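Structure, as structure tokens:
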Amino acid sequence: MPATPPIPSSVLIIGSGVFGLSTAYALATNPKYKDTVITLVDRSSFPSRDSSSIDTSRIIRPDYADPAYAALADKAQELWRSSEWGADGRYTETGLCVTAGAGGTNYGINSLKNVLDMEAKKLSPNAKVTRKESRGFGRPLIEVLETEADLRRVLGTGGTNGVQGYVNWTSGWGDAEECMHYLNQKVASTQRVRRVRATVSRLDIDHSVSPKKVRGALLDDGRCLFADFTILATGAWTPALLDLRGIARSVAQTVSYITISDSETRALEKMPTPLNLETGLFVISPSANHIKLARHGHGYTNPTRIPHPELPLEEAYHNPITVSIPRTHLTDPPLPEHLPAEATAALRSLCTSLYPPGVAPHDKSFSPLPIAERPFAGTRMCYYTDRPHCDFLIDYHPEYDGSLFVATAGGGHGFKFMPVIGDIIVQCIEGQTPAEFQQKWQWPERRVPEEEEWNLDGSRGGPQGMILEEEYKKGGKAKL
Ligand SMILES: Cc1cc2nc3c(=O)[nH]c(=O)nc-3n(C[C@H](O)[C@H](O)[C@H](O)COP(=O)(O)OP(=O)(O)OC[C@H]3O[C@@H](n4cnc5c(N)ncnc54)[C@H](O)[C@@H]3O)c2cc1C
């Protein structure tokens with residue numbers, strides 16, 4: 001990174017997910033960049049239908065085992081809760097119920113400690129009640145749940161997905177697509193950001209100078225976009241544009257939806273999100289006539305051979321690399337409409353244990369079928385961009401002399417930071433990365449072999465080492 005990064009006359013941001021779009025907004029509203037031409041390119045029209053930032057819902061929680069992320073999430077959450085960001089139904093505070101088997105998990109134990117510590121700091125020294133009690137809710141903000149009966153009481157569906165855990169009533173969820181629309185409007189209202197719809201096929205790298213420089217991007221329609229400074233924010237597609245072997249990889253995560261009626265939505269909408277840290281299975285509080293079932297897991301890799309993204313074109317095809325990049329319902333060929341059989345079985349078992357037939361509310365006027373037996377109304381593969389310890393990658397690429405910045409690796413937890421992440425990315429560009437994140441977010445000194453030390457952050461559950469293609473080959477359609 002340059003000692004004092006100059007203010008660029010032009011910036012190209014590639015990718016309009018939560019990282020790219022919030023960076024565009026932060027630059028466009030920062031007086032220091034008033035003379036900078038800002039261009040934002042995305043391969044899809046907004047909102048990109050298979051990007052990670054677009055979905056019905058995303059959990060918004062300060063429940064992190066790592067105190068630095070817990071504190072930053074807590075800061076973002078305060079904005080979701082009490083500012084324009086969470087207004088008009090974009091944020092709903094129904095709680096997060098962290099569950100596990102009898103022994104618990106280190107992640108759960110440390111996360112509970114962190115949220116209790118943060119809550120304690122918010123209380124005045126003599127306070128005898130928690131904030132929510134003092135607002136008349138009549139229950140503690142964070143409750144330890146020692147038995148299955150405690151979990152069932154809190155979830156209110158008659159079922160559960162663990163044996164013990166805790167509930168943090170200060171957590172919630174965001175309507176991801178609506179939040180992205182809101183941010184998109186904020187960007188548009190600045191009238192500072194030129195939008196281009198095109199697929200970047202390669203970074204435009206000047207190999208003739210030493211050190212090399214990124215001059216912008218080459219587009220698949222033959223055009224080029226030039227800029228002094230390029231910010232790569234292409235989420236799970238980043239390993240196709242940069243050699244990230246041993247640094248970050250994309251893994252597919254499974255999601256399915258079940259339709260419920262208005263009255264079922266009303267009956268279930270106050271349910272906190274139950275997240276089991278051993279199976280990774282969770283259900284976000286129902287909304288808009290849908291229950292969303294998903295797995296915060298190790299995911300499936302999709303190993304793909306591609307020309308080396310950073311070598312000169314004439315060498316790139318002779319030096320291909322194998323990286324995991326997304327295959328989605330929009331790629332050619334698209335994914336099958338169903339999930340791999342093992343994922344269908346896992347999400348089904350979650351549904352049955354959370355909504356036991358005959359116990360969970362179901363609306364006979366809508367459907368005679370209990371919720372657990374209804375077919376999936378839709379399924380989706382959504383991609384995490386993971387680093388070995390689930391840290392973001394927000395730094396200059398060391399080989400391009402200050403011309404290329406990377407803002408990615410949101411993993412399974414980047415969305416919630418929307419209200420704060422753009423300003424922080426700009427701070428990092430200016431060499432002011434918050435001290436507690438300097439080591440976590442920097443370009444790593446060494447590439448970590450994926451088979452060895454990719455322990456992630458301890459929050460993921462379920463099977464490991466699965467390959468997308470192989471899982472699809474294993475079975476036909478499991479019961480939807
Ligand atoms: C199933 C699932 C559940 C999740 N749950 C949560 C949660 O509960 N809470 C939470 O906080 N986070 C959650 N996350 C994580 C969060 O959604 C991501 O960390 C975040 O959305 C990543 O944003 P991004 O901007 O990096 O990537 P994206 O949103 O994927 O944006 C990347 C953009 O780059 C564009 N692009 C890619 N390649 C090119 C190219 N070659 N040319 C031009 N444009 C390109 C894409 O079209 C896309 O718009 C979840 C993620 C998934 C997949």
Side-chain angles (χ1 to χ4, degrees), residues 12-24 40-64 69 72-73 76-77 80 96 171-174 176-177 179-180 183-184 195-203 217-221 225 231-242 248 250-256 273 275 280 282-285 292-297 299 309 325-326 328 330-331 379-387 390 392-394 406-418 421-422 425 459:
L12 172 64
I13 302 169
I14 311 175
S16 65
V18 72
F19 277 64
L21 200 56
S22 58
T23 305
L40 178 57
V41 59
D42 201 289
R43 69 198 156 96
S44 300
S45 56
F46 189 88
S48 166
R49 286 283 148 212
D50 59 356
S51 79
S52 306
S53 305
I54 302 296
D55 197 355
T56 51
S57 45
R58 288 281 178 264
I59 300 169
I60 294 178
R61 58 166 167 113
D63 304 73
Y64 275 87
Y69 286 102
L72 185 61
Q77 185 130 15
W80 286 114
L96 175 74
S171 291
W173 61 274
E177 184 162 346
C179 295
M180 286 296 287
L183 177 57
N184 194 45
R195 304 292 282 262
V196 177
R197 183 182 169 190
T199 299
V200 170
S201 48
R202 293 177 74 76
L203 292 172
L218 307 175
L219 308 182
D220 68 348
D221 57 13
L225 292 172
I231 302 173
L232 196 53
T234 37
W237 289 265
T238 313
L241 295 172
L242 216 49
S250 305
V251 291
Q253 302 285 344
T254 51
V255 181
S256 68
T273 290
L275 167 63
F282 66 98
V283 172
I284 296 201
S285 315
K292 174 178 145 185
L293 307 144
R295 182 166 62 196
H296 181 55
I325 49 175
T328 73
L330 297 184
T331 48
T379 62
R380 185 178 172 202
M381 285 285 180
C382 182
Y383 283 79
Y384 288 2
T385 321
D386 282 339
R387 290 187 66 202
C390 294
F392 302 157
L393 178 59
I394 305 182
V406 183
T408 191
H413 66 117
F415 186 87
K416 68 181 66 60
F417 298 100
M418 180 190 280
I421 198 70
I425 290 171
S459 72

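As the structure is a computational prediction, the values presented were derived from the model and not from experiment. One-based numbering, in listed order, for ligands and for the atoms of each. Nothing fancy with the numbering, it's 1 onward along the sequence.
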- Message: Please check: side-chain N/O of H413 versus main-chain N/O of Y64, any donor-acceptor pairing under 3.5 Å?
- Response: no
- shortest atom 24 (P) of ligand 1-to-protein heavy-atom contact is with F19 CD1, 3.9 Å
- Decide side-chain contact (heavy atoms from CB on, under 4.5 Å) for D42 and R197; before the verdict, give the C-alpha distance in whole Å, the side-chain angles of both, and the deciding distance to 0.1 Å. CA-CA 5 Å; D42 201 289; R197 183 182 169 190; over 6 Å; no
- Indicate yes or no: does an N/O atom of K416 lie under 3.5 Å from an N/O atom of ligand 1? yes
- Query: With distance as the sole test, does T408 use its side chain to make a donor-acceptor pair with the main-chain N or O of L393 at under 3.5 Å?
  - Reply: no
- Item | Heavy-atom side-chain proximity of L21 to N184 below 4.5 angstrom | yes
- Is there a heavy atom in G411 that sits closer than 4.0 Å to ligand 1? yes
- Geometric N/O contact I59 with ligand 1, under 3.5 angstrom: yes
- Which atoms of ligand 1 have any heavy atom of G15 under 4.0 Å away? 33 (C), 34 (O), 35 (C)
- Tell me, do P309 and L242 make a side-chain contact under 4.5 Å, heavy atoms counted? no
- Is G412 in contact with ligand 1, taking contact as a heavy-atom separation below 4.0 Å? yes
- Note on the structure: heavy-atom search around atom 35 (C) of ligand 1 in the protein gives D42 OD2, 3.2 Å
- Item | Closest approach of any protein heavy atom to atom 16 (C) of ligand 1, naming residue and atom | F415 N, 3.6 Å
- Would you check the N or O atoms of H413, main chain and side chain alike, for any that come under 3.5 Å of an N or O of ligand 1? yes
- For C382, the ligand 1 atoms with a heavy-atom partner under 4.0 Å come out as 1 (C), 2 (C), 52 (C), 53 (C)
- Item | Close-contact set for ligand 1 against W237 heavy atoms, below 4.0 Å | 30 (O), 37 (C), 38 (N)
- Message: Starting from atom 51 (C) of ligand 1, what is the nearest protein heavy atom, named by residue and atom, and what distance separates them?
- Response: Y384 CE1, 3.4 Å
- Message: When you measure from the side chain of W80 to the backbone of K416, do you find a donor-acceptor pair of N or O atoms at a distance under 3.5 Å?
- Response: yes
- Message: Under a 3.5 Å distance rule, please check whether T273 uses its side chain to pair with a backbone N or O of I284 as donor and acceptor.
- Response: no
- What's the shortest heavy-atom distance between A198 and L219, and which atoms? CB-CD1, 3.7 Å
- Considering only heavy atoms, does S201 approach ligand 1 within less than 4.0 Å through its side chain, its backbone, both, or neither? neither
- If you look at every heavy atom in S52 and Y383, which pair is closest and at what distance? OG-O, 2.7 Å
- Query: How far is atom 31 (O) of ligand 1 from its nearest protein heavy atom, and which residue and atom name does that atom have?
  - Reply: G17 CA, 3.3 Å
- Message: For A233, which part has a heavy atom under 4.0 Å from ligand 1: side chain, backbone, both, or neither?
- Response: backbone
- Would you say ligand 1 has an N or O under 3.5 Å from any N or O of S48? yes
- Side-chain donor-acceptor pair under 3.5 Å between H296 and Y384, yes or no? yes
- Considering all heavy atoms of both residues, which atom of S48 and which atom of S44 are nearest to each other, and what is their separation? OG-OG, 3.4 Å
- atom 44 (N) of ligand 1: the protein heavy-atom neighbour that sits closest, reported with distance to 0.1 Å: R43 N, 3.1 Å
- Identity and distance of the protein heavy atom lying nearest atom 30 (O) of ligand 1: S52 N, 2.9 Å
- Expected output: side-chain R61 to main-chain D63 donor-acceptor under 3.5 Å: yes
- Task: Below 4.0 angstrom from a heavy atom of V255, which ligand 1 atoms are there? Numbered from 1 as shown, please.
- Result: 1 (C)
- Query: Would you find a donor on one side and an acceptor on the other, under 3.5 Å apart, between the side chain of S53 and the backbone of G17?
  - Reply: no
- With heavy atoms of Y383 as the reference, note each atom of ligand 1 found under 4.0 Å away. 53 (C)
- What about I284: any of its N or O atoms under 3.5 Å from an N or O on ligand 1? no
- Could an N or O of ligand 1 be found under 3.5 Å from any N or O of R58, whether backbone or side chain? yes
- Query: Short list, please: which atoms of ligand 1 are under 4.0 Å from a heavy atom of T199?
  - Reply: 41 (N), 42 (N)
- Say whether A407, considering both its backbone and side-chain N or O atoms, lies within less than 3.5 Å of an N or O atom on ligand 1. no
- Message: For M180 and V18: C-alpha separation, side-chain torsions, deciding distance, then whether side-chain contact (heavy atoms from CB on, under 4.5 Å) applies.
- Response: CA-CA 7 Å; M180 286 296 287; V18 72; 4.1 Å; yes
- Query: Is the side chain of K292 donor-acceptor paired with the backbone N or O of T56 at a distance under 3.5 Å, no angle test?
  - Reply: no
- min-distance protein heavy atom vs atom 40 (C) of ligand 1 -> V200 N, 3.7 Å
- Is there a nitrogen or oxygen of G414 sitting under 3.5 Å from a nitrogen or oxygen of ligand 1? yes
- Just distances here: any N/O of F282 and N/O of ligand 1 closer than 3.5 Å? no
- Query: Quick check: does V41 get an N/O under 3.5 Å from an N/O on ligand 1?
  - Reply: no
- Task: Measure from the side-chain N and O atoms of R295 to the backbone N and O of Q253, and report whether any donor-acceptor pair falls under 3.5 Å.
- Result: no
- Looking only at non-hydrogen atoms, which of S53, A176, P47, G410 approaches atom 23 (O) of ligand 1 most closely? S53
- Message: Quick check against the 3.5 Å criterion: does D50 have a side-chain atom that pairs as donor or acceptor with the backbone of T328?
- Response: no
